[in-house]
Asks: 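Here it is, the structure in full.
Naming convention: chains lettered A, B, ... in sequence-line order (proteins, then strands); numbering from 1 in each chain.
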Number of protein chains: 2
Amino acid sequence: MTSTKERILQTSLALFNKQGERNVTTNHIAEALGISPGNLYYHYRNKGMIVSALFEAYQADLLELLAAPQGPLTWTIKTYYFEGLLASMWQYRFFHRDLTHFLHADPDLAERYQRFVETVLQRGRVIYEELRSSGILSLDNEQLEGLMVNTWVLMSSWASLVQGLRPDALEDEQLDEALMRHGVYQIICLEEPFLQGEAREHLQEMKARYRSADSTPALLLGPVPGLARTGSE
Amino acid sequence: MTSTKERILQTSLALFNKQGERNVTTNHIAEALGISPGNLYYHYRNKGMIVSALFEAYQADLLELLAAPQGPLTWTIKTYYFEGLLASMWQYRFFHRDLTHFLHADPDLAERYQRFVETVLQRGRVIYEELRSSGILSLDNEQLEGLMVNTWVLMSSWASLVQGLRPDALEDEQLDEALMRHGVYQIICLEEPFLQGEAREHLQEMKARYRSADSTPALLLGPVPGLARTGSE
DNA sequence: TGATTTTTAGAGTAATTACTCTAGGAGTCA
DNA sequence: TGACTCCTAGAGTAATTACTCTAAAAATCA
């Protein structure tokens, strides 16, 4: 029996993800939970506090995943790793979707987010350095930094990008999964040129695993039901 | 003497970029222009129509830049090219910031945007192929596709990403410029591994040109005035 | 000039929405 | 049992905001 406070977070997260924070009112959240607005405001003094608490959970999730990896990193392990990261980010995708607004509206959150990104990049650096010393990646410091920033940009944008282009992904569990895998695929593309030795051998295998099943190169632009497509049929 | 209809677009764009479309009311736009709300609604029947018209302008801007390049492409030219693209996208940054919301709210816009992205990727493909046959890039089709998608993701996310992390960029013309250059730098990082011949020789020069002047690797995380930074001073 | 159309002002409204307030139920502890 | 704290309901409100409507000024044209 989870607490009301916790249930508010869960329901808010689900609604935010589905409809966008902007389109979800506090009354709407309360109604979805079957509680009164007053009750909701007893637990969170305003809507921003809910967002703030959700960010905290998101941050905790991600930083745990990014904790210093135990044991030597292999290329395969690292890819699963990214899969986990992307999954977490997908779970809280409402956040990156309206990120700018949140940061603008809540200076305290802005500060926390800034520190969060710093930490993420810091830990990313450690991981990439480990991959380098294991002989999996071959790059200099400058390239490492560039790769890391690009990876972060890609990961943090992927979910909202996908949601923009494929709004139907919300209802289709399978498509959802496929789009997520495509995200991992793009990350692999990012690193591919730097791969060495053992990793190179597994490359095609990994790419195949994450390439979209229907072999469409840009799954992003597959047919969208409900949108009239030129030249279809 | 520009028409009222045009001035509405200009003012809206400026306000949307600065404060986010969500925080800009139609009355606010009218007031900024010194016209009445009624007048504004005479020209655009609702707020969405303004967004829609701005998208049309954005699209025109970008597609013109992406028109088939005349003459053989050199690496240097292509980089300036990206600079132009990023500048255009920066000019309409409000759009990508709230993209998901716009597409969700206006199915017609969603359809147009979808076609727009298709066209962009199509033209990008042509350009990259040209770079390959000029011997500037060395990659197979699969790598080309991956690189192109990643470039698009990076470019279309860069502005809002930056605005989230550096809200102060709005007031500081110089910082603004520096962050834009950093975007080009990241794109260069994306392609660096595939460069060949002539391009390789210019690489360091180009990187230096776009690297942030203060040699901070991640300009994104420079000190933000007004935010207390740990360990500063 | 007069007729007609385009553009503008500005008061007003209906709907939404984040949030408040009071009062009472439910659990806990003496 | 009573006292006290925690939790909940739900009616209500103040503020915002996208948008309407009427009428008049300005431009255009015969």
Asks: Would you mind listing every side-chain hydrogen bond (donor to acceptor under 3.5 Å, both in side chains) that reaches into residues 8-21 of chain A, with sequence neighbours excluded?
Replies: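 Pairs touching residues 8-21 of chain A that pass the test: A:Glu21-A:Lys47, A:Glu21-B:Arg22.
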
Asks: Run the ring-ring contact (aromatic ring centres under 6.0 Å, His included) test against A:Tyr92 and tell me which residues pass, sequence neighbours left out.
Replies: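 So A:Tyr92 forms a ring-ring contact (aromatic ring centres under 6.0 Å, His included) with A:Tyr58.
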
Asks: Is there a residue in residues 7-18 of chain B whose heavy atoms reach under 4.0 Å of DNA chain D, and which residues are they?
Replies: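 Close to the strand, none.
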
Asks: Can you build the contact string for nucleotides 8-24 of chain D? Use B for base contact, S for sugar-phosphate-only contact, and - for no protein heavy atom under 4.0 Å.
Replies: BBB------SBBBB---

Asks: Quick one: salt bridge (Lys or Arg N to Asp or Glu O under 4.0 Å) pairs with a partner in residues 88-100 of chain A, sequence neighbours left out?
Replies: none

Asks: Can you name the residues that form a side-chain contact (heavy atoms from CB on, under 4.5 Å) with A:Ser36, not counting sequence neighbours?
Replies: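 Checked A:Ser36 against side-chain contact (heavy atoms from CB on, under 4.5 Å); matches are A:Asn39.
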
Asks: Could you list the residues that satisfy side-chain contact (heavy atoms from CB on, under 4.5 Å) with B:Thr119, not counting sequence neighbours?
Replies: B:Leu63, B:Arg123

Asks: Please enumerate all residues that pass ring-ring contact (aromatic ring centres under 6.0 Å, His included) together with A:Tyr41, with sequence neighbours excluded.
Replies: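 For A:Tyr41 there are no ring-ring contact (aromatic ring centres under 6.0 Å, His included) partners, ignoring immediate neighbours.
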
Asks: Can you list everything that forms a ring-ring contact (aromatic ring centres under 6.0 Å, His included) with A:Phe16? Sequence neighbours excluded, please.
Replies: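 With neighbours one apart ignored, the set is A:Phe94.
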
Asks: For A:Glu177, give me all partners under salt bridge (charged side-chain N to carboxylate O under 4.0 Å, His left out), at least two apart in sequence or on another chain.
Replies: A:Arg181

Asks: Got a sec, which residues hit side-chain hydrogen bond (donor to acceptor under 3.5 Å, both in side chains) with B:Asp106, two or more places apart in sequence or on another chain?
Replies: none

Asks: Go through A:Arg125 and A:Glu129 one step at a time and tell me if the salt bridge (Lys or Arg N to Asp or Glu O under 4.0 Å) criterion holds.
Replies: CA-CA 6 Å; A:Arg125 203 168 286 124; A:Glu129 273 162 6; 5.7 Å; no

Asks: For each nucleotide in nucleotides 22-28 of chain C, reading 5' to 3', give B when a protein heavy atom comes within less than 4.0 Å of its base, S when such contact involves only the sugar-phosphate, and - otherwise.
Replies: -------

